[in-house]
Amino acid sequence: MVDLKSQYLKLKTDLDKAVLDCMASTAYINGPEVKRFQHQLEQFLGVKHVIPCANGTDALQIAMMALDLKMGDEVIVPAFTYVATAEVIALLKLVPVMVDVDPKTFNITAETLEKAITNRTKAIVPVHLFGQTADMEAILAIAQKYNLFVIEDNAQAIGADYTFAHGKSQKAGTIGDFGCTSFFPSKNLGCYGDGGALMTNNDVLAARARSIANHGQSQQYFHEETGVNSRLDSLQAAILNVKLPHLNQFNQARRAAADFYDAAFESIDDLQTPIRTQNSTHVFHQYTLQVRGGQKQRAALQQHLKNQGIPAMIYYPLPLYRQKAFANYWDGRTLRVTEKLCNTVISLPIHTEMNTDILNYIATQVTSFFD
Ligand SMILES: *Cc1c(COP(=O)(O)O)cnc(C)c1O
């Protein structure tokens, strides 16, 4: 699905030097590379504060702790997402409320979320799924109307631009009270292990999140609250410092691959290609098709591709509410679009090192299946 080896070889000289220098420096925890990455990412995103942490799941947890969400508070999440989004909510004894998504963007909308608001709702977690920003302007309006916090799960859309109606653009992840992201190796900006970060423009929230990520202390050995230990390793920061200047180019390469696929599949009636919205750039963390024939046709396509040596993955096969882990939060009602997507989506390989030969081969194999 991704080609991390070719990307590494392209940047090998710089990456090897950064890692070796960091090892020689012995500043393995909170070293200068971490501060440098923080500032570099703040500048890239145009956000006041970046708080590096150990992974994207921790970033979400720290955001919810910093917002003082309390046992029983309801947090609205899409039912069609990766488990991490809702996992931390349950872990903190908050209540994940799962809502349906838009059939075109796969993201929550103002309409789907407003219906789920109760007097216990405290926060919304829009997930910018597969690399495209949710409709933040409409979501912010609802959040304001009901006095709710907004935590963007930006693990899949780092570098995407969201444009407001009046023309101003902001980077995905810098729009809500907090944005959370992951540097898992296969993400659009990946390190060589685990890594993550929170983003915020709010000074008070930034200080609180930074303290929580560091055992609840703002001064060493003086602990104001119960926190966690969640740090970005200096070695991972050194790798990210080399890779971040290439992020726009990485995302552009993904978009070019998506353009190629779009053109190749345009005339296949049985496939729906990804739909790009006007108000967000798409950074194609995944290139996700919908197979109109449903589960059976999709399984046959996946097998056909596998036989030709092409991996294709189902993100995601099960709505969150059907996951056994969340059985306690499910009243048995199903969500129409989420159910349909789980039965029809399939993602093709997409990464920064796709070339015409690879794209042609994959496109030909997909097309031949439908001939
Ligand atoms: C990857 C991912 C996460 C979690 O990130 P980790 O660094 O693996 O903890 C959270 N949400 C979404 C949507 C993701 O894709």
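Only this structure's heavy atoms are used, side chains among them; waters, hydrogens and symmetry mates stay out. Note that ligands are numbered from 1 as they come in the structure, with each ligand's atoms numbered from 1 the same way.
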A student checking ligand 1 against Val127 at a 4.0 Å heavy-atom cut-off should list atoms 13 (C)

In the protein, what heavy atom is nearest to atom 4 (C) of ligand 1, and what distance, to one decimal place, separates them? Thr57 OG1, 3.5 Å

Do His285 and Asn188 meet the criterion of a side-chain donor-acceptor pair at a distance under 3.5 Å? yes

Starting from atom 13 (C) of ligand 1, locate the nearest protein heavy atom and write down its residue, its atom name and how far away it is, to 0.1 Å. Asp153 OD2, 3.4 Å

Using the rule given for ring-ring contact (aromatic ring centres under 6.0 Å, His included), can you reason through Phe37 versus Phe183, listing the C-alpha separation, both sets of side-chain angles and the distance that settles it, and then say yes or no? CA-CA 12 Å; Phe37 175 64; Phe183 306 119; 5.3 Å; yes

Please determine if Lys171 and Asp161 form a salt bridge, counting it only when a charged side-chain N lies under 4.0 Å from a carboxylate O. yes

4.0 Å heavy-atom contact, Lys187 with ligand 1: yes

Checking side-chain polar atoms at under 3.5 Å, does Asn202 have a donor or acceptor matched by the opposite partner on Thr200? no

Of all residues at least two apart in sequence or in a different chain, which pass the ring pair (Phe, Tyr, Trp, His ring centres under 6.0 Å) check with Tyr329? none

Can you spot which of Ile108, Val77, Ile76 makes a side chain to side chain contact (heavy atoms under 4.5 Å, CB included) with Met98? Val77

Say whether Asp194 and ligand 1 are in contact under the criterion: heavy-atom distance to a ligand atom below 4.0 Å. no

Polar contacts were defined as any N/O atom of the residue lying under 3.5 Å from an N/O atom of the ligand; does this apply to Gln156 and ligand 1? yes

Judged by heavy atoms only, the candidate from Ala84, Pro78, Cys53, Ser182 nearest atom 5 (O) of ligand 1 is Ser182

By number and element, which atoms of ligand 1 are closer than 4.0 Å to a non-hydrogen atom of Asn55? 7 (O), 9 (O)

I'd like to check which ligand 1 atoms, numbered from 1 as shown, lie under 4.0 Å from a non-hydrogen atom of Gly56. 5 (O), 6 (P), 7 (O), 9 (O)

Charged N to carboxylate O under 4.0 angstrom, Asp203 versus Lys48? yes

